[in-house]
Amino acid sequence: MIQKILSISGRPGLFKLVNQGRNMLIVESLADGKRTPAYSHDKVVAIADISIYTNDDEERPLVKVLETIRDKNDSKPVDLKGLGSDADLRKYFETILPEFDKERVYTNDIRKVFNWYNCLVAAGITDFSLPEPEGASEEDSDKEA
């Protein structure tokens with residue numbers, strides 16, 4: 001399910017992929033359920049493909065960060081207004097992802113992650129795990145033998 005959730009540049013919120021056309025996608029807003037086209041010139045990214053910069057030499061997949069937020073908040077929305085200032089928001093995000101790169105991850109990016117999490121929870125999506133590729137478990141067992 002999480003692989004069909006999309007972010008479209010220039011449009012607020014998240015969208016669910018409904019169908020594909022010739023030069024467009026039909027998407028449905030998670031917020032209000034309205035269906036609209038997303039054309040080939042729109043920058044469309046599946047949230048399963050988004051990562052967050054860390055101080056390590058690797059990036060943390062957004063779905064792993066969303067899982068951590070879910071576990072920390074018992075699958076409830078994050079109260080952004082209760083967090084207050086940008087410094088408090090960054091401090092709270094540091095409890096979720098302590099190794100995030102403080103220079104390359106902006107406060108607006110953090111706010112967007114929390115807004116997306118709240119949007120997903122409001123839409124009833126709390127399973128952020130990615131499905132294993134088909135045949136992966138069979139291949140792994142063959143390699144061990």
Side-chain angles (χ1 to χ4, degrees), residues 1-140:
M1 177 64 181
I2 200 73
Q3 291 178 309
K4 293 187 176 191
I5 305 298
L6 310 171
S7 168
I8 302 174
S9 184
R11 296 189 197 179
L14 293 173
F15 300 86
K16 178 173 63 171
L17 177 63
V18 176
N19 205 348
Q20 279 185 277
R22 185 165 242 200
N23 289 323
M24 66 178 173
L25 303 172
I26 304 298
V27 296
E28 181 178 289
S29 171
L30 289 182
D32 59 15
K34 287 185 180 178
R35 291 185 177 191
T36 58
Y39 297 100
S40 58
H41 60 80
D42 292 324
K43 184 177 178 187
V44 179
V45 180
I47 64 169
D49 296 334
I50 297 173
S51 296
I52 297 180
Y53 295 116
T54 63
N55 291 326
D56 309 344
D57 285 336
E58 32 184 89
E59 297 174 354
R60 179 70 46 92
L62 179 62
V63 292
K64 297 291 185 192
V65 175
L66 293 172
E67 287 174 348
T68 306
I69 296 170
R70 178 198 61 210
D71 295 344
K72 187 166 181 64
N73 290 292
D74 297 323
S75 298
K76 294 181 180 138
V78 175
D79 181 16
L80 290 174
K81 293 186 182 190
L83 290 175
S85 69
D86 289 352
D88 292 337
L89 186 70
R90 292 180 76 78
K91 190 182 296 184
Y92 182 68
F93 191 70
E94 192 170 359
T95 65
I96 292 164
L97 185 62
E99 64 274 3
F100 83 95
D101 188 332
K102 292 167 185 58
E103 292 179 11
R104 294 195 296 173
V105 178
Y106 300 109
T107 305
N108 286 341
D109 299 330
I110 295 170
R111 192 174 311 282
K112 186 180 288 188
V113 168
F114 287 133
N115 282 328
W116 284 354
Y117 170 79
N118 288 344
C119 182
L120 290 166
V121 169
I125 301 169
T126 56
D127 181 14
F128 305 120
S129 59
L130 294 173
E132 289 188 28
E134 289 183 29
S137 58
E138 293 174 14
E139 290 175 14
D140 292 342

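If you read the sequence from its start, that first residue is 1, and numbering goes on from there.
Interatomic distance, Asn19 CG to Arg35 CZ, rounded to the nearest 0.5 Å: 8.5 Å. Between atom CD1 of residue Ile96 and atom CG of residue Leu66 there is a gap of 9.5 Å, rounded to the nearest 0.5 Å. We find the NZ-CZ distance between Lys102 and Arg90 to be 8.0 Å, quoted to the nearest 0.5 Å. Remark: Ile125 CD1 to Ser75 OG distance equals 13.0 Å, nearest 0.5 Å. Here CG of Asn115 is found 5.5 Å from CG of Leu80. Values are rounded to the nearest 0.5 Å. Note that CG of Asn23 is 10.0 Å distant from NE2 of His41, once rounded to the nearest 0.5 Å.
Nearest heavy-atom pair across Ile26 and Met24 is CD1-CE, 4.1 Å. Shown here for Ala48 and Val63, the closest heavy-atom pair between the two residues is CA-CG1, 4.1 Å. Closest heavy-atom contact between Ser51 and Pro61: OG-CA, 3.8 Å. Closest approach of Asp127 to Ser129, counting heavy atoms only: OD1-OG, 2.7 Å. Counting all heavy atoms, side chain and backbone alike, Leu97 lies closest to Ile52 at CD2-CG2, 3.9 Å.
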* To do: Could you walk me through whether Phe128 and Leu120 pass side-chain contact (heavy atoms from CB on, under 4.5 Å), step by step?
  => CA-CA 9 Å; Phe128 305 120; Leu120 290 166; 3.6 Å; yes

* **side-chain contact (heavy atoms from CB on, under 4.5 Å) between Val27 and Val18, intermediate numbers included** => CA-CA 5 Å; Val27 296; Val18 176; 5.8 Å; no

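The cationic group of Lys112 does not satisfy the cation-pi geometry with Phe114, failing either the under 6.0 Å distance to the six-membered ring centre or the 45° limit from the ring axis.
Salt bridge absent: Asp109 and Arg104 never bring a charged side-chain N and a carboxylate O closer than 4.0 Å.
Evaluated for a side-chain contact (heavy atoms from CB on, under 4.5 Å) with Val78, the options Leu89, Asn118, Val121 yield exactly one hit, Asn118.
Evaluation of the side chain to side chain donor-acceptor pair (under 3.5 Å) test over residues 54-71, restricted to residues two or more places apart or in two chains, returns Arg60-Glu99.
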Please table the atom pairs, donor to acceptor, closer than 3.5 Å between any side-chain atom in residues 6-17 and protein atoms at least two apart or in another chain.
| from | atom 1 | to | atom 2 | distance (Å) |
| --- | --- | --- | --- | --- |
| Arg11 | NH1 | Thr36 | OG1 | 3.2 |
| Arg11 | NH1 | Pro37 | O | 3.4 |
| Arg11 | NH2 | Pro37 | O | 2.9 |
| Arg11 | NH2 | Asp42 | OD2 | 3.4 |

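In the displayed structure, Tyr92 atom OH is contacted under 6.0 Å by more than 12 heavy atoms of other residues, nucleotides or ligands.
Put simply, the side chain of Trp116 reaches to within 4.5 Å of the side chain of Ile50, judged on heavy atoms. Gln3 places none of its side-chain heavy atoms less than 4.5 Å from the side chain of Asp49.
Remark: aromatic rings of Phe100 and Tyr53 are distant, center separation not under 6.0 Å.
Side chain of Asp74 to backbone of Lys76: no donor-acceptor contact under 3.5 angstrom is found.
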